[in-house]
Amino acid sequence: MSLATKENDPAQDWVIIHELTHGWWGNLVTCATLQDFWLNEGITTFMTAAWKEHRYGRAAYVAELDIARARLEKARAKGYDKPLAWSGSYPSLGARRAVQYSKGALFMDYLRTTLGDTVFWAGLRSYTRAHAGGTVTSIDFERAMEDASGRDLQRIFKDWVFG
Ligand SMILES: [Zn+2]
């Protein structure tokens, strides 16, 4: 699940952090099917941005998400802005990554902004703890975020994840 190509990693630590992050999202908590591959890659891409925010400050986080946004916009221009859990086949690896990696990360940022830091991080923590060593689907993630926030997030998940 590496993105270790020159084109895709402007900062050297990007790949290292991405792969380390898979220790949690990808290995400890694994998507049940490839349809929910965004749970591995989108969360990992987002956490790479969050790590950069922690390490270098807010601007680094924003810059990382801007890269994701540009990738998604490129795919969108070609007609490939799909829901995160879309089960169809992508025309290229780039289009698939634009959705599962980049849009996945943007969705995490959207949830963070919408729910607020306290609720968002609590939800992500409980999702990760509850499913450690197991497999997950997008519904598991939605439930964890709903439990943490006390909100019905069906509409948001329909927009971003299920289509
Ligand atoms: Zn990966």
Side-chain angles (χ1 to χ4, degrees), residues 1-53 55-56 59-114 120 123-124 127-128 131 134-145 153-163:
M1 300 176 198
S2 169
L3 263 184
T5 65
K6 254 187 191 160
E7 187 191 2
N8 280 319
D9 83 278
Q12 259 236 308
D13 55 7
W14 193 97
V15 170
I16 297 165
I17 299 307
H18 183 95
E19 295 309 324
L20 283 176
T21 303
H22 274 314
W24 289 272
W25 301 280
N27 299 337
L28 185 66
V29 177
T30 308
C31 59
T33 70
L34 281 181
Q35 192 180 337
D36 286 313
F37 197 55
W38 80 273
L39 290 170
N40 290 11
E41 300 302 338
I43 293 178
T44 289
T45 302
F46 167 78
M47 287 306 293
T48 302
W51 181 84
K52 287 194 168 184
E53 178 180 24
R55 177 79 175 77
Y56 303 113
Y61 175 79
V62 172
E64 197 73 13
L65 290 174
D66 282 347
I67 293 171
R69 200 166 289 113
R71 287 188 179 139
L72 178 60
E73 271 161 21
K74 209 169 129 191
R76 185 177 288 154
K78 293 177 186 164
Y80 274 92
D81 179 7
K82 301 297 183 191
L84 291 171
W86 188 58
S87 60
S89 60
Y90 288 94
S92 66
L93 189 59
R96 184 171 71 75
R97 284 176 169 170
V99 172
Q100 293 176 331
Y101 291 62
S102 302
K103 186 178 184 176
L106 293 168
F107 178 53
M108 295 297 285
D109 174 64
Y110 177 81
L111 282 176
R112 183 184 179 185
T113 305
T114 302
F120 172 79
L124 183 57
Y127 161 79
T128 306
H131 300 287
T135 56
V136 283
T137 68
S138 294
I139 295 285
D140 295 315
F141 182 66
E142 179 182 343
R143 296 225 169 101
M145 285 301 174
L153 301 176
Q154 244 181 8
R155 191 191 53 78
I156 290 174
F157 273 75
K158 187 180 185 306
D159 283 352
W160 284 82
V161 180
F162 300 112

The side-chain contact (heavy atoms from CB on, under 4.5 Å) partners of Arg55 (sequence neighbours excluded) come to Trp51
Does a side-chain heavy-atom distance below 4.5 Å link Trp24 with Met47?
no
With a 3.5 Å distance limit and no angle check, can you tell me whether Lys103 reaches the backbone of Asp81 through a side-chain donor-acceptor pair? no
Applying ring-ring contact (aromatic ring centres under 6.0 Å, His included) to Tyr80 and not counting sequence neighbours gives none
* To do: Tell me, yes or no, whether the heavy-atom count around Leu34 atom CG, taken from other residues, nucleotides or ligands under 6.0 Å, exceeds 12.
  => no
- Task: Take the angle between the ring planes of Phe107 and Trp38 and call it parallel below 30°, perpendicular above 60°, tilted in between.
- Result: perpendicular
Between the OG1 atom in Thr45 and the CZ atom in Arg71, the distance rounded to the nearest 0.5 Å is 8.5 Å
Arg69 meets the salt bridge (Lys or Arg N to Asp or Glu O under 4.0 Å) criterion, sequence neighbours left out, with Asp66
Check: Under the 3.5 angstrom rule, does the side chain of Ser102 hit a backbone N or O of Val99 as a donor-acceptor pair?
Finding: no
Hits for side chain to side chain donor-acceptor pair (under 3.5 Å) against Tyr56, two or more places apart or cross-chain, chain-then-number order -> Asp13
Across all chains, not counting sequence neighbours, the side-chain contact (heavy atoms from CB on, under 4.5 Å) partners of Thr137 are Ala32, Asp36, Ile139, Asp140
Separation between CZ (Arg97) and OG (Ser92), nearest 0.5 Å, reads 10.0 Å
In this structure, CG of Leu65 is separated from OG1 of Thr48 (nearest 0.5 Å) by 10.5 Å
One should read off an interatomic distance between Phe37 CZ and Thr30 OG1, to the nearest 0.5 angstrom, of 10.5 Å
Across all chains, not counting sequence neighbours, the ring-ring contact (aromatic ring centres under 6.0 Å, His included) partners of Trp86 are Tyr90
Check your understanding: Side chains of Phe141 and Leu84: does their closest heavy-atom pair fall under 4.5 Å?
Key -> no
Using a 4.5 Å cut-off on heavy atoms from C-beta on, say whether the side chain of Trp160 contacts that of Leu106. yes
Thr44 meets the side chain to side chain donor-acceptor pair (under 3.5 Å) criterion, sequence neighbours left out, with His22
For Arg143, the salt bridge (Lys or Arg N to Asp or Glu O under 4.0 Å) test, sequence neighbours excluded, returns none
When rounded to the nearest 0.5 Å, the distance separating CG of Leu39 from CE of Met108 is 8.5 Å
Show the numbers, then the answer: is there a side chain to side chain contact (heavy atoms under 4.5 Å, CB included) between Glu142 and Gln154?
CA-CA 8 Å; Glu142 179 182 343; Gln154 244 181 8; 3.6 Å; yes
dist Asp109:CG -> Thr114:OG1 (nearest 0.5 Å) comes out at 8.5 Å
Contacts of Phe162 meeting ring-ring contact (aromatic ring centres under 6.0 Å, His included) (sequence neighbours excluded), chain-then-number -> none
For Ala98, the side-chain contact (heavy atoms from CB on, under 4.5 Å) test, sequence neighbours excluded, returns Ala75
Check for me whether the distance between the ring centres of Phe46 and Trp25 falls short of 6.0 Å.
no
Residues passing the side-chain contact (heavy atoms from CB on, under 4.5 Å) test with Asp159, sequence neighbours excluded, are Arg155
Sorted by chain and number, sequence neighbours left out, salt bridge (Lys or Arg N to Asp or Glu O under 4.0 Å) with Glu53 holds for Arg58, Arg112
Q. Taking the side chain as C-beta and beyond, is there a heavy-atom pair between His18 and Glu41 under 4.5 Å?
A. yes
Q.
Just so I know, are the side chains of Ile156 and Met145 near enough to count as touching, which here means a heavy-atom distance under 4.5 Å?
A. no
